[in-house]
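Every number for a ligand or one of its atoms is a count from 1 in the order of the listing. Below, each value reflects all heavy atoms present in this structure, side chains not excepted, and no hydrogens, waters or symmetry copies.
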Amino acid sequence: MTDTAAALAGTDADLAVLDTIQQRVLWLATRIVDAANHDRDTGDGLKVGGHQASSASLVTVMTALYFAYLDAPDKVSVKPHASPVFHAIQYLLGNLDRAYLPTLRAFGGLQSYPSRTKDPDTVDFSTGSVGLGAAAPLFAAATRRYVDAHFGARPRSRFVALIGDAELDEGNIWEAVSDPATDGLGDVMWIVDVNRQSLDRVVPGIRIAQWEQQFTGAGWQVVEAKYGGRLQAAFARPAGESLRAWIDAMPNEHYQSLFGLPPQAVRQRFLEGAPDGVRRFCAGIADDGEFAGLVTDLAGHDFRSLLEAFGECDREKDRPSVVFAYTVKGWGLPIAGNPRNHSALLSTAQVDQMRERLGLTPATEWDRLDPMTTAGQWVAARREHLARAPRGSSPAVAVPDSAGLRTGRPISTQEALGRILVGLSRDEAVAPFLVTTAPDVATSTNLAGFINRTGVFSPAARRSWSEDAALKWSEGPEGQHIELGISEMNLFLLLGQLGLAWDLSGQPLLPVGTVYDPFVLRGLDAFIYSVYSGARFVVAGTPSGVSLAPEGGAHQSTITASVGLELPNVTFIEPAYAAALDWLICGALQKIAAANAAPAGTAITEDGSYYFRLSTRSIDQGPFSRAQERLGDAVLRRQVLAGAYQLADATQAAADGAPAVYLVGSGAVMPEALAAAGELNDEGIAARVVDVTSADRLYRAWQRTLRQGVRTATMPSFPGALRTVFGERAPVVTVHDAASHTLSWLGSALGVPAVSLGVDTFGQSGTVGDLYRAHDLDAGSIVNAALAALAIGAA
Ligand SMILES: Cc1ncc(C[n+]2csc(CCOP(=O)(O)OP(=O)(O)O)c2C)c(N)n1
Ligand SMILES: [Mg+2]
């Protein structure tokens, strides 16, 4: 517990100051939403929205945190619908300009939900998709543990999450809590806002008991902040225990119905079905107003109870803690406890009354607390206490252009990835910063070589019980692979936090994750969450496509390439050849290293995170070597990084005046494209083969020039990346072991007829030959597609 909090738990005067502060926080949060809805003319007829009730239920908890408990290095994730409370607090602390207060949900204004990348004040964790922002601090704490073990201890941070009670329905919460990688994180404190309401309804029954068992079973400390001071005092009186037992056993719906009632009706509703002992005890409290206040006196609105609960969490060093803080949704507002209050807004008259009650006027309503008052001085002291030291900058990790991968034999991109990582782990400048992770697929995605060299991370050294020459699996604090259980959500949440270590732990890392490509979709929302938060990492989806032939439809990815291409802040890359992959992985890590090292506020051009779609199909590397001889390393590398290069020229015989066609492939299907080109060239058709290493980079280059044209109302230019490779105007065939749509835009970009081959139905078991034939990815189908494209062009 901090000094302030320790000192404070004792004095009523301090609690009174906190109460003054929380009244202003509640007012500002309420008014921020009110202004968004009533002061602005949006002109489009759409309701603006915002959540006054959800905000109000966390006002006491957040006031206790920011104005008594937190220290500067602590990191907090705020539940999405409490963003007005967060901004009100940042404003009172002097960290947010007043001009922003009326801009909630306006373009360029305060975001609806806390956003690391879009909000003007410092947000530690983005939230919005419930469950994800809640779990993020757990992975940030796991990241800090890793950073401390490898680079020396940082100043201690506590990782706090403020979570709605219905948010605990999200499965990813429990995946995060139960993963051994999050065991024992004593600096984690989750605070559940137990207002017994979700969006639609009062949560049925009493869920808490079950949730508490789930946390306890996963090794967490569970702390309850349930009853306020008045109720606790009542319980301590003779026969008071019967009152506690009665409230404890009361279903949520019954308890919640008390809030909508006038005080004189509360007693009867409260005592419906109560045993005689409870009735006798309650008869001793004659005043209806006092009675109603007593039975709804919850610890989530009682500073002393909350600070005691936080202190209990603080004292627990060896496991995460969760506080169940019982609150009232809409606390202090006329909509308090109403089961339909989730999106309810106070009327203008109600806001006017509230302003008046607080002694504010339209002229003073947005003011900060007067610095001459005790509350104003308290806030000023907290502002100083919470001021963070500016993040130091360190030189970028010097990642080489290539890990020096050499191979003369056929190899798959998946195997090549494993060897590239081993190569980088031998590079002393890069190795310390590499960290890999996988959801129980490390060995089957070829991370074994890296793991053999670097070991598996565990906070304490662990004895190995098996001796395996091929895989060492030695676990200890110096290990650089973090193994997860089978949870793709956890993979992307951990990658996201490793990818933010430069910010939240002051230590740039180079995180690399692997996952079976079809199951990228299983973690997609966490993937989106992490890149929306600004995290930078590399993820390899492997194996991928129907090229994983024997495994069948459940393991064959189809739409992942489209997903990779369309995800903002993600660069999607799918090379065919090992040497190209080497350049591309190193290029990605170079960009991550540079962006991580850039001082805050610098404008940097970066690609965000990187998604490599890799295959287990070994292919002959000869064609790439020949392209290397033809183009030279420097030119070829530049083109590979830009997104495409010519893998094979048309043969001379076919070149003189022959009809021309481009066979454009990506990934594991390049051998079929080459074979088809051979056949076409033999038939007198000038077929050139283009290997698309990043459909995403090509597409972006095209879109950039188009948008430029749109914005300036001028003729768009033809992007360089396409011009270099497609020198001639000729029909194209696109070939991809992924949805045919992924590359089908090329025809439009080049202004030529296009036939797109790809996998548009679910796969099945078979051989690569069987499946390529079934999906028209075999050389014969590619030849026919070329003839069709030529025919369309000629028609
Ligand atoms: C993944 C996801 N699903 C649905 C929603 C829509 N939603 C927003 S809040 C909410 C209910 C939240 O209830 P609770 O967590 O108890 O919050 P509170 O009562 O504090 O508002 C729902 C369903 C969402 N934001 N994210
Ligand atoms: Mg709730």
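Asp165 contributes atom OD1 as its closest N/O/S atom to the Mg ion (ligand 2).
Residues with a heavy atom under 4.0 Å from ligand 1: Ser54, Lys79, His81, Gly128, Ser129, Val130, Gly164, Asp165, Ala166, Glu167, Glu170, Asp193, Asn195, Gln197, Ser198, Leu199, Lys329, His342.
Taking the ring axis of Tyr91 as reference, the NZ or CZ atom of Arg368 stays within 45° of it and closer than 6.0 Å to the ring centre. No cation-pi contact links Arg382 to Phe67, judged by a cut-off of 6.0 Å to the six-membered ring centre and 45° from its axis.
Taking the six-membered ring where the residue is Trp, Phe235 and Tyr227 present perpendicular rings, their angle passing 60° and hence far from 30°. Aromatic ring pairs are classed by plane angle as parallel below 30°, tilted from 30° to 60° and perpendicular above 60°; the pair Phe215 and Trp190 is perpendicular. Ring-plane geometry between His254 and Trp246 is classed as perpendicular, the angle between the planes exceeding 60 degrees on a 0 to 90 degree scale with a lower cut at 30.
Not a single N/O/S atom of Ser57, whether from backbone or side chain, sits less than 2.8 Å from the Mg ion (ligand 2). Using a cut-off of 2.8 Å, one finds that Ser198 contributes no N/O/S atom close to the Mg ion (ligand 2). Taking backbone and side chain together, Asp193 holds no N, O or S atom under 2.8 Å from the Mg ion (ligand 2).
Of the candidates His342, Arg340, Gln256, Lys329, Gln256 is the only one forming a side-chain hydrogen bond (donor to acceptor under 3.5 Å, both in side chains) with Gln197.
The pair Asp248-Lys226 meets the salt-bridge criterion, with a side-chain N (NZ, NE, NH1 or NH2) lying under 4.0 Å from an Asp/Glu carboxylate O.
Centred on the Mg ion (ligand 2), the angle running from Gln197 (O) to Asn195 (OD1) is recorded as 90°, rounding to 10°.
Using modelled atom types, one finds a donor on one side chain and an acceptor on the other under 3.5 Å when comparing Arg158 with Tyr69.
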